Every structure is written in structure tokens, then in C-alpha cells.
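Protein chains get the first letters and strands the later ones, always in sequence-line order, with residue 1 at the start of each. All of these numbers come straight from a predicted model, not from anything done at the bench.
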2 protein chains.
Amino acid sequence: MNRRHFGRTLAGAAVASTGTFRWLARNLPAAATGAVPHAIRADRLRANLEALARFGRTPKGGITRVAWTPPDAEARRFVMGKIMAAAGLNVRIDPAGSIIGRRPGREDLPVILFGSHIDTVPEGGMFDGALGSLAAVEVVQTLADQGIETRHPMECVIWSNEEGAHYGRGLFGSRAVVGEFEPGELDEKDEQGLHIRDAVASIGGDLSRIKEALRKPGDIAAYLELHVEQGGVLDKAGIPIGVVEGIVGIVRYRVVVTGQANHAGTTPMPDRHDALITASRLVVAVSEETMREPGRQVGTVGKLAVHPDVPNIIPGSVELVIELRDLSMAKINGIIKRIEARAGEFAASSGTTISIEPTSTHQPALATPWLRDVISKEAAAAGLKSLNMPSGAGHDAQMIARIAPMGMIFVPSVDGISHSPRELTRWEHTAIGCEVLYRAVLAIDRR
Amino acid sequence: MNRRHFGRTLAGAAVASTGTFRWLARNLPAAATGAVPHAIRADRLRANLEALARFGRTPKGGITRVAWTPPDAEARRFVMGKIMAAAGLNVRIDPAGSIIGRRPGREDLPVILFGSHIDTVPEGGMFDGALGSLAAVEVVQTLADQGIETRHPMECVIWSNEEGAHYGRGLFGSRAVVGEFEPGELDEKDEQGLHIRDAVASIGGDLSRIKEALRKPGDIAAYLELHVEQGGVLDKAGIPIGVVEGIVGIVRYRVVVTGQANHAGTTPMPDRHDALITASRLVVAVSEETMREPGRQVGTVGKLAVHPDVPNIIPGSVELVIELRDLSMAKINGIIKRIEARAGEFAASSGTTISIEPTSTHQPALATPWLRDVISKEAAAAGLKSLNMPSGAGHDAQMIARIAPMGMIFVPSVDGISHSPRELTRWEHTAIGCEVLYRAVLAIDRR
């Protein structure tokens, strides 16, 4: 890439004045990533990620740091006490249990908020959430190292229960910020009978004050989140930065196919009303109808149950879940209409009935255009190729998008694997992502 | 039908000498069934069936008389003590727990054996097994009523644990007769820890003497079993008698489709290796390949499990069971070959793998041709239409066929429903079936 570009960018980012040669020596050679050197310290970010990965490490090599369990609580104490404190952040825990580390700004301006989560699914990986959380702290640490004062106050956030591996619903911390709870959610117990109030208290939250977690439109100048892609698009394309266009809407439909259970030995083939054959045609049709038009929409049948599910009884009914995701609800609605038409044909030809009803709808959350532009420009300024792409997974960013400008930065997941001990993001990509976050934060501050 | 035929048949069957007018008055009018009047007493058979149905009756209206449980034991004591004793049978319990009621013959000849079972699946019906068992006793009772001596000794049998709803394997009594047990089977415990030895003892069996249940080729002149069809072929065709050509062979195959589990939001459609889509194509192909050639073969996928079976993860693997049934093993082998070829195409086009391995094979048991002829002729002689057909379900007859001539008589199941509280065989059909059994037994005895 163009080395001259590098100099200009650093100057523009008000970073060039101090320590340039020190961090140049410590970082990856530019040749390894195709990028200009970083302001952030890749070695420190890596050391912090590796230190965090000790919390909840399993014999299989995964991380089980389920929200509001002891490994999560210990990890949060470690990040607050060691990493955030070292970065000079003023750390508090909000009533939902989210950790917020604040760095003051020169002017009386809304906060620039950035971060992610550190809770994991069972047997998850060490980068999902952790990268965005520790990169956020690294950004502030770098500001401190460089002696940079910003106009806006900065807040690093580590959200509470993003994954929803405990109590079944994720994005807890960010939902608390916008006041979005399910009826009865704050009075639930887990499988062991633990009240959610006590679970949240175990990481320092306080549901009796939950309303104090709310923020208003205007409180947050911008929200940024760096995250591993979790899909394989960037890895396959060999592009290090994804500029998220938005977080897809997700609609789930409960489907029940009702045929007639009967003896598999005594019922002639033409007389059958086999619910599984009809359901199977539908599974194939979900894939076909999803792919019938161009775009990056996805459609999945991940859950399916056969009744009575014994080898010698013709299936009497099948229950399955269709999940459709896209940035456009209109596209999702078009796909399900086509699927319903196919279902009607399958039911008629097999003497079965099919019911399809939506059970949950998460609206798409589009990234804020000017923030997308900031990320794209800063990636380019750092000599990095980037790709506009949807986020097929949900993130806390989608809740914050309701009250503040939102942008997300993706870095590649090797082979697109996530929620697995085999999840991997290359160290050079963690550094690149952190650097783009750093540059974007400074660009927003200058705005 | 031809009433004159009736008189001739009775004479030929050596039944005409006594009581002709008595049972004529008691039975269904011939017009109701299209048949000549019966020698057997339909009202008595019905009363006995209704009395037996009180044992294990459930609130849902079904019968739960699982083998070797108290309702089974009580029902067996009732049938032995009340019904078989009244018919003048000399009753014993063999070491497997099967009830055998003997009536001596005039000559030193092998026994003519007929009967069925009275154990049920949970929430089964009142005719499956019970009809063949009580019709067998009714045949002997009619012989006694009519004062008929036969050349052969007659034995009514009520087999032990036909259904296999307890200890998982059926045809226990008939397998004991031919000495066919699985390794370790006679030392198993049920889910409650009850040893099979004690379960069998609860109905009067004695596993320590199990070898005494064995019979040799030549011991049995013929085995006959009357049973409800359990399918809907006779009911649909409006034909009251099925002449069983044989009991189908059953081969089960365990199929594992292995794809790649991945995030349903972040994995683009073209990059997926969705095990459920591949499995769905296979389910449809099992049906298509089974029906590709003429015949009454059946192929079923009744059991299917998705892993990990959550809405937002692309299925990584699917396990399913294919079951194929036909009277010809060659036909079954041809069908699975075609299914395997289709599976190979599906795997190749989806980047998944499919393994198909046979897990159990039950060879077909063909009915003995001269016994089929006897049944067909006696049905015709009684003025009844009959249909040659396979038995798609397993029956004790298939074990006895290994050592003796075997024939089975089917009567219609309304709508083909069985193993359900909704199982129904019309009273006139129970009587018709019993009458054909009676006539066939006499015809065999004359042979």
C-alpha cells in the first residue's frame, strides 16, 4: 500500500506527535497485513485477550463463560480491576450489570460509546465479544499512552448477558439501555431456580434500579462495536475489514405439518399422509425460495421434531422452525409468501395440513450512514480493504441503534466458525480491527 | 350368495349333523355380510371380546395390557379360567408364558395349532390379537357344542409378549417355540429393574425350563392365525377376508447425514453444508424409490433427529431410520440400492456425507401354499370374497412358519387404524373371520 498515505493519516488523526517509532517497532510488519502500522499496541491487546481466555477455559479448549455465572463474574472483576483500571478508566457497573469505563472529554458533549461483551455460549471461542471489549479498552489505553485528549467523553462498555445462554434472552445490557424487556422477564428464575435478580447481582447489577440504566436519544454521540464476523465472507474474500450495513431482521415461524400416524407395515404407500415427507419438501423449499432472488438473505430450518418418532410408525406430525434473516423486512415477507405458496401445494398433494405462524420478529437495525462512511474511510486511510456487509448475527449494537448513531466493524473469522472451540480470528486481524476502531473513534471525535 | 352352497359345505365340514338351526337363529343374517350363516356363535365371541376388553381399559378408551404386567396377568387368568375352561380345553402355561389349551384328537397325529396374543401396546385396541385368541377358543367351543371329534389334536395358543411393548422385543412366545433369542435377552431387566425371569414368572412362565417350550418340525400339522389386518386394504376394497401370502421381511437402516453446523445468521446460503436439507431430499427419495416399481412394498422414514436442533444453527448432522418391507428380500435390496445411489448424488451436490448401514433384518416368512388354498376355498365356500395380500406387520406366525405349515386370515380394520384406541373391526367381520378359521381348521383336519 501507499506508505505516504500513512503519514498523512496519522497527522490528521492527531496521533503522530508522540511515540510513533516505539509502536512501529512493536507491531506486525505492514507486509503481513497489507496495512500501514498501527497506533494501538497489538501485543498488549493479544496479551489481554489471552489473559481473559483463562476464565472459563474448558478441557475441550473452548470457553464456557456463560453470563451471570462464576466464570463470567470473575472475568468481569479481572477486566475491571486489571485492564480497565490500567487504562485510566473510571469504572462503574450499571443496574443491568454492564461495565462502563469512562474517560472524560474536553467539551460538554454526548459520549462516544464503544465496546462489546465478554460472556460466551457454552464451549464458545475466545474472540466473540472479547475482542470488541478489550479492543475498546486498548483504544482508550492508546489515547492515554499518546496523551490525547478528546472533545467527547469516551465510554468503554462491556454489556451484560449478550449471548442469552442464561435465562434464554440475550442483549440484556443493551436492552436495559433502551428499556426493552419481555413481560415478566425481570421476575424469571433459571433452571436451578435462581432468580434473575440474584443472577444479575452476582456481577454487580441491581434490578431494583434497572430504570437508571436507561439512556435517552442524544445522550450518545455514536456507538461503535468491533466484532468477529462469525461468518466466512471476509475470510473467503481475503478482506480484513467488514463495514456493517446493518444487523439483519430475524423472523421465526413455527410450522406444524399434520398428517396421519399409521402403521408403517400395513399402510400402502398411496394411502399415506406422511407428515415427514411433506415437511421434507418444505425444508428444501425454504432453501430454494430463500435463494430465488439475488442478495444475502438467509433462510434456515434448524429445529425439527417428528411425532411419534419411531421407525415403524408413519409420522403423524412434524414441528419445525423456519428462520429468515435480511436487512429488509419486505424481502423477508416476500420469501415467506413464496414458502407459504409452496406449502399449500405440498399439503394439497399429500393430504396433510401445514400451519405457518410467525413467533418472533426482530426488526432490522441499519447502521448509521455517516458512521459507515467513517469506518470505510478510516479503513482505507489505514491502507485496508473493506467490504460492506450485513451482520447476520444479532449484536447489542442493534438495540443502541434505536437511540444513537450506530456502526460496527467486522474482522475475519477463519472458515466462518463461531460459537465453537474452533473459532479463530488471526492476531493480525484483531490488531487491524482495533486500529480501525481507534481511528474511527478519533474521526468521530473530530466531527 | 348361493344358499345351496351352504348346505354342501356344512356337510363336507362334518358340522351339519347337529344344531344347525340353533346357530342359524343366533347369528347375523347372511344379508348383512354377504355370507352364508356361521357355525360359530358370533354373540358368544363378541361377549368374550367385550369381557376381555375390560382388562387394561384406559380413560382414553384404549387398552393398555402390556405383556407381563398386572393387567396382562389378570386377563390371562380370566381367559384360562373362564373362557378356555368352558370350552373344555386342557390348559397349561409353557415356560415362555404362552397359554396352550389342548383338545385331544381321535388319531395319533401332529397338532393343529391356532391362536394369537392378548397383550397390547399402550393405548392399543380391543381386537388386535384378542380376536385371534378368542376366535381360536370359539372354534374349539363350537366343536364341543357340535359334538365334533377331530382326527388331529387341537391346540389354542395365546402367545406371550407378542407386541414387545415390554423388554422391547416381541414374538417372545413363538420365538421360544423355535429357540430364537437375542444374546443376553433372557438375562435382561426392564426400565424398573425387573428381571425378565420374574416378569415372565408373573404370568406363570419359567425361564429356567425355557428349552421345554421348543417344538420340532413335524410336531405341528399346521399353524393358523386370525388377525385384524391393521391396514386399510380390505376396508377400502370392501372385502371381508384377507388370505395372507406371507409376512413381509423388514430391514432397517441407520442413516447418518453429516454436514457442517454453523451460524444460521452469518453463513451465506451458497457456503452451507446443511445436513437437514440433504436428509430431507433423502426422505423424499425413500418414498419415490419405494414406489418406483409396482407391488405392495413399503418404505418409511419414521424416526429422524436433527443435531444440534436449535433454530439459529444450521444442522450439522441428522440421524434417521429407513425401514423397508416386502415379501421379497431381492426387492428390498433393489430399493435400498436405488436409495443409496440417490444418497450419493445428494451428498456430492451438498458437500455432506451420508452413511447407510443395515441395523436389523427380519427375513420374510411366506405362508404355506396349501394352507393359503385351504383358507381361500373355505372363504369361498362360506360365500365370502377374499383377497390375497401380504402382512405388513409382524406376527407370531412368522416364527412358527420356520417349523410348520403356516397360514393367516385377515379381517378388515376400519380405516386401517391399529395400535390406537380408535382401532375397530366390525362385529360381523369378527364373526366372519372366526367362521373361516373354524372351516379351515376342519378342512385341515380332513386332509
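- The OG atom of B:S280 lies 7.5 Å from the CG atom of A:L276; values are rounded to the nearest 0.5 Å.
- Among B:M269, B:M389, B:H307, the residue making the largest number of heavy-atom pairs under 4.5 Å with chain A is B:M269.
- For chain A, the nearby part of B:T290 is the side chain; its heavy atoms alone come within less than 4.5 Å.
- One N or O on the side chain of A:T266 and one on the backbone of B:Q230 form a donor-acceptor pair closer than 3.5 Å.
- In terms of heavy-atom pairs under 4.5 angstrom with chain A, the leader among B:G416, B:G231, B:G392 is B:G392.
- One finds the OG atom of B:S420 at 12.5 Å from the NE2 atom of A:H263 (value rounded to the nearest 0.5 Å).
- When the candidates A:I322, A:L304, A:I314, A:V321 are compared by the number of heavy-atom contacts under 4.5 Å with chain B, A:L304 comes out ahead.
- The part of B:V233 that comes within reach of chain A is its side chain, from C-beta onward, which places non-hydrogen atoms under 4.5 angstrom from that chain.
- Remark: the backbone N or O of B:I417 is not paired with any side-chain donor or acceptor of A:N262 at under 3.5 angstrom.
- When each of B:V284, B:V298, B:V248, B:V318 is checked for heavy-atom pairs under 4.5 Å with chain A, B:V298 comes out on top.
- Using a 4.5 Å cut-off between heavy atoms, B:M291 contacts chain A through its side chain alone, with no backbone atom that close.
- Remark: B:T300 OG1 to A:D274 CG distance equals 7.0 Å, nearest 0.5 Å.
- Remark: B:E288 engages B:R342 in a salt bridge (Lys or Arg N to Asp or Glu O under 4.0 Å) (not counting sequence neighbours).
- Ranked by heavy-atom pairs shorter than 4.5 Å toward chain B, the options A:A393, A:P315, A:A264, A:P311 are led by A:P311.
- Among B:V301, B:V286, B:L320, B:T267, the residue with the largest count of heavy-atom pairs under 4.5 Å with chain A is B:V301.
- Considering only heavy-atom pairs separated by less than 4.5 Å from chain B, the leading option among A:V306, A:V283, A:I250 is A:V283.
- Counting only residues at least two apart or on different chains, the salt bridge (charged side-chain N to carboxylate O under 4.0 Å, His left out) pairs with a member in residues 244-272 of chain A are A:E245-A:R296, A:R252-A:E323, A:R254-A:E319, A:R254-A:E357, A:D271-B:K236.
- Of the atoms belonging to B:I313, it is backbone heavy atoms, and not side-chain ones, that fall under 4.5 Å from chain A.
- Distance check: A:H419 NE2 to B:N312 CG gives 8.0 Å after rounding to the nearest 0.5 Å.
- Of all the listed residues (A:P270, A:G299, A:S418, A:S413), the one sharing the greatest number of non-hydrogen pairs under 4.5 Å with chain B is A:G299.
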Inset, instruction - Given side-chain contact (heavy atoms from CB on, under 4.5 Å), test B:K303 with A:V310 step by step and report yes or no. - result: CA-CA 5 Å; B:K303 190 170 170 63; A:V310 289; 5.7 Å; no
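- Note on A:R281, A:Q297, A:Q260: by heavy-atom pairs under 4.5 Å with chain B, the leading option is A:R281.
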